[in-house]
Undergrad: 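Structure provided below as structure tokens; questions to follow.
Bear in mind the structure is a predicted one, so any value in this text is a computation, not a measurement.
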Amino acid sequence: MRLTLIGAVALSALAIASSAAAETIYVSNEKGNSVTVIDGGTMTVKATWPVGRRARGLSLSPDGRVLFVCASDDHAVQTIDTATGKVVADLASGDDPEQLALSPDGKTVFVSNERDAMVSAIDVGTHQVAWQVGVGEEPEGIVVSPDGKLAVSSSESDNRLDWIDIATRQVIAQTEVGMRPRHGEFTRDGKFLWVSSEVGGDVEIVDASSHEIVGKIAFAIDGVQVDKILPVGIRFTPDGKRAVVALGRANHIAIIDVASRKVERYVAVGQRVWHVGISLDGMRAYAANGLSDNLSIVDINSGKVEKNVETGRAPWGVAVAH
């Protein structure tokens, strides 16, 4: 029995290590004008790719062959060949692209253009803007529903969400949320949208059918001033059971049980954690620390930081791929 137990533990550890070894972590560096490429198995930097100015939001194509990066000060979305690390195209965008989200089929990139107060839908095949729609002032976040029918923009200045019907290319609803909404993330089933309100200091849960707020998650960390708790990035584990929220200048992430909507634990990471990524097996969180110039790799179950990996200047966004 003892041998069986030891063998099971060894196999479990091997499975976790194999999963981590198979993935690559991409980090956009806002002031470094670069993307840091990190090996998930060794937790070391594999490469640093130069990109456009003020690299922020990023996302991978479904097949992992293309990395899309918002080069905000170049007013473009750049496409990077992940095999070579080379920028192969600049996609036309609006003024000051902040974040982006891909349609489930990978054929359209939706971009929030902060200065234009627009969302642009870019055709990946033609590299051109297919259509645009006006939204609230200073749109920061953009997210697409799992079924590909809705895009939702979060407006920092107007403190609201704009719900865009992708088929009709129209805003069909608006939701007033907390102060300075930064990022939205749909639950796996698409029924709820979780939105971080940076200055409001909480995460609001919005029903995707009624567009109404149905819950809020507040944060309180021992020894941390309330005005330092500034929620920004949100990511769910692949099984949908947990959420990880970056808490900005609180220098912590929160790990939340999705079913109960309760914080399980806080984990201290680097300074001004901006966005987070989740490993493909759901065992790790990757926290981009904008003032520490590093990425904290966190074991979600234990709440322990496994390692801090140096990145470029002011890491901002995180994407994870096989």
Side-chain angles (χ1 to χ4, degrees), residues 23-40 45-94 96-104 106 108-114 119-122 124 127 139-144 151 153-154 182-185 232-235 244 246 273-280 285-290 293-295 309 311-322:
E23 68 188 25
T24 301
I25 306 140
Y26 300 97
V27 182
S28 60
N29 301 304
E30 184 177 9
K31 294 183 179 178
N33 304 328
S34 63
V35 170
T36 301
V37 185
I38 299 171
D39 182 281
V45 175
K46 294 168 58 178
T48 300
W49 298 337
V51 295
R53 294 177 297 163
R54 200 164 171 238
R56 304 190 84 187
L58 75 170
S59 187
L60 282 156
S61 62
D63 61 12
R65 295 181 180 179
V66 178
L67 181 69
F68 299 89
V69 181
C70 288
S72 298
D73 283 354
D74 288 337
H75 313 299
V77 172
Q78 296 187 314
T79 64
I80 301 172
D81 183 332
T82 56
T84 65
K86 302 296 184 184
V87 176
V88 295
D90 283 351
L91 306 185
S93 178
D96 192 12
E98 292 277 326
Q99 292 190 42
L100 58 84
L102 282 172
S103 59
T108 306
V109 178
F110 295 90
V111 185
S112 58
N113 299 303
E114 188 170 39
V119 167
S120 299
I122 305 172
V124 173
H127 298 177
E140 165 85 8
I142 183 72
V143 62
V144 175
S153 167
S154 51
R182 284 287 195 172
H183 181 77
E185 197 77 9
V232 189
I234 304 170
R235 286 286 184 265
V244 179
V273 53
W274 201 249
H275 281 279
V276 292
I278 303 293
S279 64
L280 303 176
Y286 303 116
N289 305 310
D293 296 340
N294 62 14
L295 182 85
V309 181
T311 61
R313 289 185 61 210
W316 198 92
V318 184
V320 183
H322 284 289

Undergrad: Can you find a pair of side-chain heavy atoms, one from Pro315 and one from Trp274, that are under 4.5 Å apart?
TA: no
Undergrad: Minimum heavy-atom separation for Val144 and Pro104, please, with both atom names.
TA: CG1-CD, 4.2 Å
Undergrad: Looking at every non-hydrogen atom in both residues, tell me the closest pair between Ala55 and Trp316 and how far apart they are.
TA: O-CB, 4.2 Å
Undergrad: Would you give the length of the straight line joining atom NZ of Lys86 to atom CD1 of Ile80, rounded to the nearest 0.5 angstrom?
TA: 11.0 Å
Undergrad: Return the CG to OG distance between Asn113 and Ser153, rounded to the nearest 0.5 Å.
TA: 9.5 Å
Undergrad: Taking the inter-plane angle between the rings of His275 and His183 on a 0 to 90° scale, is it parallel (under 30°), tilted (30 to 60°) or perpendicular (over 60°)?
TA: perpendicular
Undergrad: How long is the gap from OG on Ser154 to CZ on Arg182, to the nearest 0.5 Å?
TA: 9.0 Å
Undergrad: What's the separation between atom CZ in Arg65 and atom CG in Asp81, rounded to the nearest 0.5 Å?
TA: 9.5 Å
Undergrad: Could you grab the distance from atom OG1 of Thr24 to atom CG of Asp39, nearest 0.5 Å is fine?
TA: 6.5 Å
Undergrad: Answer whether the closest heavy-atom distance between the side chains of Ile142 and Val111 falls below 4.5 Å.
TA: no
Undergrad: If I compare all heavy atoms of Ala246 with all of Val276, which pair ends up nearest, and what's the gap?
TA: CB-CG1, 4.0 Å
Undergrad: Please identify which of these residues, Leu295, Ile38, Val27, Val309, meets the side-chain contact (heavy atoms from CB on, under 4.5 Å) condition with Tyr286.
TA: Leu295
Undergrad: Heavy atoms only: give me the nearest Leu58-Ala319 pair and the separation to one decimal.
TA: CG-CB, 4.1 Å
Undergrad: Search all heavy atoms of Glu114 against all heavy atoms of Pro139 and return the closest pair with its distance.
TA: O-CD, 3.5 Å
Undergrad: Quick one: are Thr82 and Tyr26 in side-chain contact, heavy atoms under 4.5 Å?
TA: yes
Undergrad: Just so I know, are the side chains of Gln99 and Arg56 near enough to count as touching, which here means a heavy-atom distance under 4.5 Å?
TA: no
Undergrad: Determine the minimum heavy-atom distance between Leu100 and Cys70, stating which atoms define it.
TA: CD2-SG, 3.5 Å
Undergrad: Do the charged groups of Lys31 and Asp293 touch, with an N to O distance under 4.0 Å?
TA: no
Undergrad: Indicate yes or no: does Asp74 engage Arg53 in a salt bridge with an N to O separation below 4.0 Å.
TA: yes
Undergrad: CD of Glu23 to CD1 of Ile278: how many Å apart, nearest 0.5 Å?
TA: 10.5 Å
